[in-house]
Engineer: 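This is the structure I want to talk about, given as structure tokens.
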2 protein chains.
Amino acid sequence: MKKIREELQQFGLAATHPRSVILRCLRERKDHPDAETVYQTVHQEIPSLSIDTVYRTLNLFASSGLIVHLAMPTHRFRFDGGVEPHDHFLCTTCEQIVDIEPEENDHQVFSEKVAALGQILSLQRVYLGTCHACKKAI
Amino acid sequence: MKKIREELQQFGLAATHPRSVILRCLRERKDHPDAETVYQTVHQEIPSLSIDTVYRTLNLFASSGLIVHLAMPTHRFRFDGGVEPHDHFLCTTCEQIVDIEPEENDHQVFSEKVAALGQILSLQRVYLGTCHACKKAI
DNA sequence: GTATTTGCAAACTATTTGCAGTATT
DNA sequence: AATACTGCAAATAGTTTGCAAATAC
């Protein structure tokens, strides 16, 4: 928990109890949760927590760069507590998201053409399709 | 317009007037519109058109593969009438989306690791950042 | 003529915001 | 003590759906 608090402070954010628990939740989970899911989890540890705070906190963390707001055609915003570059697979049926570790030689260099469009901050790659479970269910 | 109607029929969809005009709108625009924007445009040609039909039609087209439901962390769903593979730049401030034509040697082959996750139907790459206009405005 | 599609209206779901009290620095 | 954060409540925004009338095949 100490590390989480320090992280918040390094980003210039007050290390409150809700924020610490929300950030720890994001760091531990591997399933790229939405606000509701984060709320359900953190609510167990802080019963007084409201979902408004979860929304505000997730937006704050994402714009600070502490977490990643995922580019996905899903019905709810999804977040990723892993900030090292990697790709994702999205099952467009059940909306589960799976991490894909980058290849050794993948250094995400942007071409000049891309750089000319503005200040590029990140690149997200999403493979879209149907997971085995959903495929079977059809 | 003939071509548009034929396209709909090839995909097994009834070539109604609303659908034809909506598909033509998507094919002509370069700005990756949301449902509201499509509605504003098509509404000029078909005043009786309702936005419900726009939502239904966009979802139908996207699941049929006639258009692409973009993977973007935007507040509204965005659609692309260009179906040949290409990348996108998203300004996370003004939410404008710009096409990036693929490099010559970009053939979008999926690794076995990716293919093992399920049936992969497409890959979307999104460069996120701030466009020049928004950068200046800060 | 039959089946599919559309408009209307309403519902539903997700997300944001103002304000006053509370916690953090 | 001053500032920043949170909960409450309500508002806002985006999208979906049931049903009867209209349209396409």
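Naming: A, B, ... by sequence-line order, numbering from 1 per chain. In this text, all values refer to a predicted model and were calculated from it rather than measured experimentally.
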Engineer: I want to confirm an ordering. Mapping B:Ala14 and A:Val54 to their closest nucleotides on DNA chain D, which one lands closer to the 5' end?
Structural biologist: A:Val54
Engineer: Can B:Arg24 and B:Glu7 be counted as an ion pair, charged N to O under 4.0 angstrom?
Structural biologist: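 Here B:Arg24 does not pair with B:Glu7 in a salt bridge, since their nearest N and O are not under 4.0 Å apart.
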Engineer: Would you check, one step at a time, whether the test side chain to side chain contact (heavy atoms under 4.5 Å, CB included) holds for A:Arg29 with A:Thr37?
Structural biologist: CA-CA 11 Å; A:Arg29 298 187 76 107; A:Thr37 304; 3.6 Å; yes
Engineer: Name the orientation class of the two ring planes belonging to B:His86 and B:His88 (parallel below 30°, tilted from 30 to 60°, perpendicular beyond 60°).
Structural biologist: perpendicular
Engineer: Hey, is the main chain of A:Asn59 close enough, under 3.5 Å, to the side chain of A:Ser63 for a donor-acceptor pair?
Structural biologist: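 Between the backbone of A:Asn59 and the side chain of A:Ser63 there is a qualifying donor-acceptor contact (under 3.5 Å).
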Engineer: Tell me, please, the opening and closing nucleotides of DNA chain C, 5' to 3', among those with an atom under 4.0 angstrom from a non-hydrogen atom of chain B.
Structural biologist: C:dT5 to C:dT16
Engineer: Phosphate oxygens OP1/OP2 of D:dT6: is one of them under 4.0 Å from a side-chain N or O of A:Arg19?
Structural biologist: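 For D:dT6, OP1/OP2 do have a side-chain N/O of A:Arg19 under 4.0 Å.
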Engineer: Under 3.5 Å, sequence neighbours excluded: what are the donor-acceptor pairs made by side chains of residues 69-79 of chain B?
Structural biologist:
from	atom 1	to	atom 2	distance (Å)
B:Thr74	OG1	B:Arg76	O	2.9
B:His75	ND1	B:Glu95	OE2	2.9
B:Arg76	NH1	B:Asp34	OD2	3.4
B:Arg78	NE	B:His32	O	2.7
B:Arg78	NH1	B:Glu95	O	2.9
B:Arg78	NH2	B:His32	O	3.4
B:Arg78	NH2	B:Glu95	O	3.1

Engineer: Hydrogens and angles aside, do A:Glu6 and A:Gln10 bring a side-chain donor and acceptor to less than 3.5 Å of each other?
Structural biologist: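 No, no side-chain donor-acceptor pair sits under 3.5 Å.
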Engineer: Between A:Glu101 and B:Lys113, does any NZ, NE, NH1 or NH2 come within less than 4.0 Å of an OD or OE carboxylate oxygen?
Structural biologist: no
Engineer: Judged by atom type as modelled, is there a donor-acceptor pair below 3.5 Å linking the side chain of B:Thr130 to the main-chain atoms of A:Gln119?
Structural biologist: no
Engineer: Collect all protein-nucleotide pairs involving nucleotides 15-17 of chain D in which both atoms are nitrogen or oxygen and the distance is under 3.5 Å.
Structural biologist:
from	atom 1	to	atom 2	distance (Å)
D:dT15	OP1	B:Phe77	N	2.8
D:dT15	OP2	B:Tyr55	OH	2.6
D:dT16	OP2	B:Asn59	ND2	2.9
D:dT17	O4	B:Asp52	OD2	3.2

Engineer: Kindly say if A:Ser50 contacts the phosphate of D:dG7, meaning a side-chain N or O under 4.0 Å from OP1 or OP2.
Structural biologist: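 Checking A:Ser50 against D:dG7: at least one side-chain N or O falls below 4.0 Å of OP1 or OP2.
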Engineer: Hey, is the side chain of A:Thr16 poking within less than 4.0 Å of OP1 or OP2 on D:dT6, counting only N and O atoms?
Structural biologist: yes
Engineer: Roughly how many Å is it from NE2 in A:His17 to C1' in D:dG7, rounded to a whole number?
Structural biologist: 16 Å
